[in-house]
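Because the structure is a prediction, the values reported are computed rather than measured.
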Amino acid sequence: QVQLVESGGGLVQPGGSLRLSCTASGLEFDRAFFAWFRQTPGSERVLVARQHSSGFAKYLDSVEGRFTISRDVTTNTLYLQMDRLQPEDTAVYYCHANNQHWGQGTQVTVSP
């Protein structure tokens, strides 16, 4: 069974950085499509970043240039490096695989 487990969330000040991790099992990691979504209370879940197995990546306009999605096939881990964080980035962040599977989410809070 596919399992995705996020980690790395926390509290950070505006302008700071965090790196989220998603460890994956039960799928062919190096061939998978991966994405990061985020969601705030009362809002829909929004696609933040996505990466195909080719390495092609695309980002939400508001995070372009600040966030980087990557993967390490030796550890079956997906990453989201988040730099120059803003209060508007506060959300629960979810790992997503092959348009089917979700992790449990990890909270990111950007506040003084």
Side-chain angles (χ1 to χ4, degrees):
Q1 305 299 321
V2 173
Q3 186 173 42
L4 306 173
V5 181
E6 300 96 336
S7 63
L11 175 64
V12 65
Q13 295 186 99
S17 297
L18 286 172
R19 188 176 72 165
L20 305 183
S21 298
C22 173
T23 57
S25 61
L27 51 72
E28 197 167 353
F29 185 85
D30 59 347
R31 298 181 69 250
F33 166 81
F34 283 107
W36 288 96
F37 285 72
R38 69 186 184 189
Q39 187 170 26
T40 55
S43 300
E44 65 184 21
R45 194 168 294 183
V46 175
L47 177 63
V48 176
R50 62 180 187 263
Q51 187 187 54
H52 298 270
S53 59
S54 65
F56 173 79
K58 190 173 178 66
Y59 301 90
L60 181 68
D61 285 348
S62 61
V63 310
E64 181 76 41
R66 299 189 297 116
F67 290 13
T68 304
I69 188 171
S70 63
R71 69 179 75 182
D72 185 343
V73 298
T74 68
T75 59
N76 285 5
T77 304
L78 179 76
Y79 297 102
L80 184 67
Q81 177 67 43
M82 306 185 296
D83 298 319
R84 308 200 318 276
L85 283 160
Q86 304 167 5
E88 295 76 28
D89 297 317
T90 296
V92 177
Y93 284 72
Y94 297 89
C95 180
H96 186 55
N98 289 340
N99 295 314
Q100 298 180 81
H101 309 290
W102 295 97
Q104 292 296 305
T106 185
Q107 176 72 47
V108 172
T109 302
V110 185
S111 179

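Side-chain contact between Asn76 and Ser25 is absent, with no heavy-atom pair separated by less than 4.5 Å. Taking the side chain as every heavy atom from C-beta outward, Pro14 and Pro112 approach each other to under 4.5 Å. Between Gln107 and Thr90 there is a side-chain heavy-atom pair separated by less than 4.5 Å.
Atom-to-atom distance recorded for Ser54:OG and Arg31:CZ is 12.5 Å, nearest 0.5 angstrom. Distance OG/Ser21 to CZ/Arg71: 14.0 Å, rounded to 0.5 Å. For the atom pair CG of Asn99 and CZ of Arg50, the computed distance is 10.0 Å after rounding to the nearest 0.5 Å. Separating the OG atom in Ser53 from the CD atom in Glu28 is a distance of 9.5 Å, to the nearest 0.5 Å.
Of all non-hydrogen atoms in Gln100 and His96, the two that sit nearest each other are N-CE1, 3.5 Å.
Between the side chain of Arg66 and the backbone N or O of Arg84 there is at least one donor-acceptor pair closer than 3.5 Å. The backbone N or O of Ala57 sits nowhere less than 3.5 Å from a side-chain atom of Gln51 that would complete a donor-acceptor pair. Between the side chain of Glu6 and the main chain of Thr106, no donor-acceptor pair closer than 3.5 Å is present. Between the side chain of Gln39 and the backbone N or O of Ser43, at least one donor-acceptor pair lies under 3.5 Å.
Residues forming a side chain to side chain contact (heavy atoms under 4.5 Å, CB included) with Asp61 (at least two apart in sequence, or on another chain): none.
Through side-chain heavy atoms spaced under 4.5 Å, either directly or across other Ile, Leu, Val, Met, Phe, Trp or Tyr residues, Val63 is tied to Val2, Leu4, Val12, Leu18, Leu20, Leu27, Phe29, Phe34, Trp36, Val46, Val48, Tyr59, Leu60, Phe67, Ile69, Val73, Leu78, Leu80, Met82, Leu85, Tyr93, Val108, Val110.
Note on ring orientation: taking the six-membered ring where Trp is involved, the planes of His52 and Phe33 are tilted (angle from 30° to 60°).
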